[in-house]
Amino acid sequence: MADSRMRVLAVLCLVISCLSVTEAQLRANYYQQSCPRAESIIKQTIRNAYNSDKTIPAGLIRMFFHDCFVRGCDASVLLDNSDSEKLGAPNANSLRGFNVLDAAKAAVEAACPGVVSCADVIAYSARDAMELAGNIVVNNWLGGRRDGPVSISAETLTNLPAPFANFTTLLKVFRSKGLDQNDLVILSGAHTIGHAHCGIVLQRIYNFKGTNKADPAIDPSYVQTLRNLCPQTAPGNIINMDQLTPTVLDVNYFRDVNRGRGLFESDNALRTSPIANALVKIYQVPQVFSPSFVNSMRKMGNIGVLTGNQGKIRRVCNVA
Ligand code: HEM
């Protein structure tokens, strides 16, 4: 008798845990019932920002990456405290788009108070950014992430790859997030939009590893272009990562990397693995690039998400 009661209990537990697992999934049209206009309100805010600044998508796509790689996609990147992720070296004075995300969050709060998480505002904005910069439509983008309470600056250094990283290190970081070599290559393609600070590449173009010369892996004519844009005395200068089409999410990054015109060592590192190098060639085909990029962005949006009853919905994104 006790035995069969135990068995019923075990089955019940299984059913309950199955239910909570189902509940914990992200899903498309997540706010259809609770805030039907959420996605369109966010989209409109991003579109307005884009209309006055075509470089906004770059900031938002990078924001999504930096959120998801540190503590999962939980909007920890938006929190303010005396030692928050915003202050970490990869983010300070370079991550951007905070004001646009604040505007999007304020607009959804006005329509549906306390319903849409900051983590989802980042994720939907990244989707909208891809659509605008890539001139594509991204269907079935998932929602349902919740916001985390913790943000620690040092975790940006341990979870985000450095622009000086070699292939082994890059792959190790991506694998630690459940992403693979293909994701590493295709997502690096985000460097086809946006800009960087010269300080990051000065050593690479003037004094690579103490040689007083440029990194021999860079196309010599590109070294000259970069030196013109980045005088040794101007680490604060800003340069486009794609000299040709800096606001378009296109395949130019892969064309550039393929001929030694990747801006960072981490970009060029993709040529040092036979498989990654083959992918660099494959992704020069626009029809292959776009769906693959969206696919890996979707995967990135699943990293370490808080769902169901985990975390909370922050009312203001910078306050836990
Ligand atoms: C693979 C390793 C990566 C490294 C080492 C890296 C590093 C960097 C660095 C150093 C910058 C310049 C920041 C500045 O000077 O302001 C940058 C910019 C950027 N990164 Fe990455 N990144 C990587 C991967 C990614 C991924 C996976 C994405 C998104 C899917 C991404 C999206 C961007 C974008 C869009 C920009 C331009 C930002 C802007 O214009 O404000 N990066 N990245």
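For ligands, and for the atoms within them, numbers begin at 1 and follow the listed sequence.
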Residue portion contacting ligand 1 (non-hydrogen atoms closer than 4.0 Å) for I200: side chain
Residues forming a ring pair (Phe, Tyr, Trp, His ring centres under 6.0 Å) with F65, sequence neighbours excluded: F69
N/O donor-acceptor pair under 3.5 Å between K105 side chain and V116 backbone: yes
Do S117 side-chain atoms and R145 backbone N/O form a donor-acceptor pair below 3.5 Å? yes
Tell me: protein heavy atom nearest [atom], and distance?
atom	result
atom 9 (C) of ligand 1	F264 CE1, 3.4 Å
atom 37 (C) of ligand 1	M241 CE, 3.4 Å
atom 2 (C) of ligand 1	P161 CG, 3.4 Å
atom 14 (C) of ligand 1	H197 ND1, 3.3 Å

Aromatic ring pairing Y253/H191, orientation class (parallel under 30°, perpendicular over 60°, tilted between): perpendicular
Between H197 and H195, how do the two ring planes meet: parallel, tilted or perpendicular, split at 30° and 60°? perpendicular
What residue pairs, at least two apart or across chains, pass salt bridge (Lys or Arg N to Asp or Glu O under 4.0 Å) with a residue in residues 147-169? R71-E155
Do the charged groups of R259 and D219 touch, with an N to O distance under 4.0 Å?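 No, no charged N to carboxylate O under 4.0 Å.
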So which of A196, P57, A58 gets nearest to atom 35 (C) of ligand 1, if we judge by its closest heavy atom? A58
Name of the residue among K299, R175, K172 meeting salt bridge (charged side-chain N to carboxylate O under 4.0 Å, His left out) with D180: K299
Sequence neighbours excluded, which residues qualify as salt bridge (Lys or Arg N to Asp or Glu O under 4.0 Å) partners of R255?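 Per chain and number, R255 pairs via salt bridge (Lys or Arg N to Asp or Glu O under 4.0 Å) with no residue.
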Mind checking whether R96 has an N or O less than 3.5 Å away from an N or O of ligand 1? yes
Element-labelled atoms of ligand 1 that are located less than 4.0 Å from some non-hydrogen atom of A162: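 Result: 5 (C).
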Distance (rounded to the nearest 0.5 Å) between N166 CG and S273 OG: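 Taking CG in N166 and OG in S273, the distance rounds to 11.5 Å.
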What do you reckon, does I61 put a non-hydrogen atom under 4.0 Å from ligand 1?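 In this structure, I61 qualifies as a contact of ligand 1 - some heavy atom is under 4.0 Å.
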Around atom 21 (Fe) of ligand 1, number of protein N/O/S atoms which are nearer than 2.8 Å: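 With waters ignored, the protein N/O/S count below 2.8 Å is 1.
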